[in-house]
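Below is one structure; the comments refer to it alone.
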2 protein chains.
Amino acid sequence: MRAGERAYRELRADIVSWRLVPGQVLGEVDLSERLGISRTPVREALSRLTADGLTEPHSGRGVVVSALSADDVRALYELRDTLDCRAAELAAQRGDPETFRALADELSHAAERLSDDPDHPAYYELVDRMDEQIDAAAGNPYLQQALANVRLHLARVRRLATSDPQRLAAAAAEHEAIARAIAHGDAPLAVATTRVHLKNALSKALGSPALAVARPEAS
Amino acid sequence: MRAGERAYRELRADIVSWRLVPGQVLGEVDLSERLGISRTPVREALSRLTADGLTEPHSGRGVVVSALSADDVRALYELRDTLDCRAAELAAQRGDPETFRALADELSHAAERLSDDPDHPAYYELVDRMDEQIDAAAGNPYLQQALANVRLHLARVRRLATSDPQRLAAAAAEHEAIARAIAHGDAPLAVATTRVHLKNALSKALGSPALAVARPEAS
DNA sequence: AACAAGGGCTTTGTATACACACGACGCGCA
DNA sequence: TGCGCGTCGTGTGTATACAAAGCCCTTGTT
């Protein structure tokens with residue numbers, strides 16, 4: 001794989017998983033030495049990260065990992081609500097019912113998977129598949145790209161909240177309701193169920209105590 | 001100014017103004033010679049353009065200017081409707097009435113400006129200012145960034161349609177209605193007026209005969 | 001003691017040279 | 001004559017060297 005691509009994915013994963021905390025300075029020379037590559041692909045990776053909004057230029061001091069305050073989370077969910085509801089609406093109008101019926105069935109007994117692994121990768125893989133299907137059904141590449149960017153930042157928020165099995169089970173039920181609404185071609189219901197899910201998810205995310213610690217750059 | 005920044009802006013302007021047509025291959029060496037800079041800043045510029053969606057990687061053969069079909073325009077307006085209506089709604093809820101009242105007053109006699117210049121830069125400057133004020137009033141940086149990207153592609157669409165003075169006058173009236181709705185804090189009306197404007201704008205854009213010529217890469 | 005100016009150092013911005021990969025063209029063989 | 005393989009060329013991917021710009025620290029002055 002290209003070195004720049006690998007550096008980009010690695011740094012992105014580090015930021016999303018909070019191994020790199022907000023305010024952390026990312027120097028080109030440091031990174032090139034740590035990753036064993038030259039500065040050129042590192043520059044490309046940092047440029048892409050900044051375009052994604054995960055890092056910000058820091059006036060002559062390279063780039064730093066972006067902060068993520070409670071206000072950011074609220075704003076992010078505000079946009080997510082706008083985009084996700086629209087995507088669900090379009091998916092209900094244009095999507096293939098059978099696809100979403102199958103997803104709903106999988107989600108209906110997703111609770112069994114929740115204890116399989118401490119980080120619940122199987123569950124999140126299922127949710128990711130559902131997102132992909134919604135994107136495909138909506139059939140709007142511009143909407144898809146906007147959603148991809150939101151989900152990138154959202155993955156960062158997700159790692160803040162402790163993975164509460166009870167909340168995950170409820171979220172699975174909410175996702176199932178969304179999938180069934182789309183499968184029935186009921187656009188208003190798809191929007192409503194999506195909105196319910198996002199409201200609950202936001203409440204959970206804002207309840208995370210880690211948000212107060214999320215801006216340590218004031219040192 | 002930095003060479004990479006200048007190259008980015010120049011190429012972006014060329015694409016938006018259709019001086020560079022879809023399918024046009026952008027070679028790094030060619031551009032570096034034409035712009036009088038080295039390949040490094042050119043690479044940065046092309047990377048940013050691709051992130052913006054204005055260019056696409058062309059299977060190892062550099063990047064090409066993205067196509068813009070009628071379906072693309074429809075999808076773009078679908079996303080624009082989603083984002084602009086939400087932004088107008090938020091602006092009506094959170095914005096300063098006086099700011100938008102002033103904008104509405106300016107727009108009310110914008111028809112006089114329409115004959116000042118063949119390309120009507122004063123009018124578009126006014127619309128841009130209104131977009132900025134809506135962004136500021138919405139107070140959501142993530143929404144703002146998504147809107148900025150949509151408007152970038154939209155600027156490309158705008159250059160396709162012939163600037164019809166009659167349509168521009170109607171658009172000014174529609175903008176005024178939006179501004180007044182926001183000034184009154186009437187969120188539902190702000191959404192409705194925005195939707196009306198977008199519907200008309202899309203009809204006008206799709207009526208452009210240039211859309212059929214917009215994909216000459218099939219040579 | 002506080003502020004301002006200057007110099008040094010760190011870090012990014014740019015240029016260039018090299019390596020590699022893909023595609024195209026041409027040649028040879030069936 | 002058509003297909004397949006090899007070689008060549010073009011263009012990107014990466015590395016490195018050089019240049020410029022910003023910040024911090026020091027030092028001098030008020």
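Each chain gets a letter, A, B and so on, in the order the sequences are listed, and its residues count up from 1.
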Taking only side-chain N and O atoms of A/Arg61, does any of them lie within less than 4.0 angstrom of OP1 or OP2 on C/dT12?
no
Classify the side chain of B/Arg39 and the base of D/dG13 as holding, or not holding, a donor-acceptor pair under 3.5 Å.
yes
Within the structure, does a side-chain N or O atom of B/Ser59 lie under 4.0 Å from either OP1 or OP2 of C/dG23?
yes
Counting distance only, does the side-chain N/O of B/Thr194 pair as donor-acceptor with the main-chain N or O of B/Ala190 below 3.5 Å?
yes
Run B/Arg156 and B/Asp72 through salt bridge (Lys or Arg N to Asp or Glu O under 4.0 Å) and show every step you take.
CA-CA 12 Å; B/Arg156 232 181 137 202; B/Asp72 282 322; over 6 Å; no
Listing request: all ring-ring contact (aromatic ring centres under 6.0 Å, His included) pairs with a residue in residues 132-158 of chain B, at least two apart in sequence or in separate chains.
A/Tyr142-B/His153, A/His153-B/Tyr142
How close or far is atom P of D/dG13 from atom CZ of A/Arg48, stated in whole angstroms?
11 Å
Using atom CD of B/Glu5 as one end and atom C1' of C/dT14 as the other, report the distance to the nearest whole Å.
15 Å
Need to verify one output field. Residue with the more 5' nearest nucleotide on DNA chain C, A/Thr40 or A/Gly62?
A/Gly62
Distance, rounded to the nearest Å, where B/Arg43 contributes CZ and D/dG11 contributes P:
14 Å
Could you give the CZ-to-P distance, from A/Arg2 to C/dC22, as a whole number of Å?
12 Å
Calculate the interatomic distance between A/Tyr8 atom OH and D/dT14 atom C1'; express it in whole Å.
20 Å
Between A/Leu46 (CG) and D/dT14 (P), how many Å, whole number?
14 Å
Length of the CG-C1' vector between A/Leu31 and C/dT11, whole Å:
13 Å
Separation of D/dG13 P from A/Glu44 CD (nearest whole Å):
8 Å
Nearest to side-chain heavy atoms of A/Glu28, which nucleotide of C/dT14, C/dT12, D/dT12
C/dT12
Pair B/Lys204 + B/Asp164: basic N to acidic O under 4.0 Å:
yes
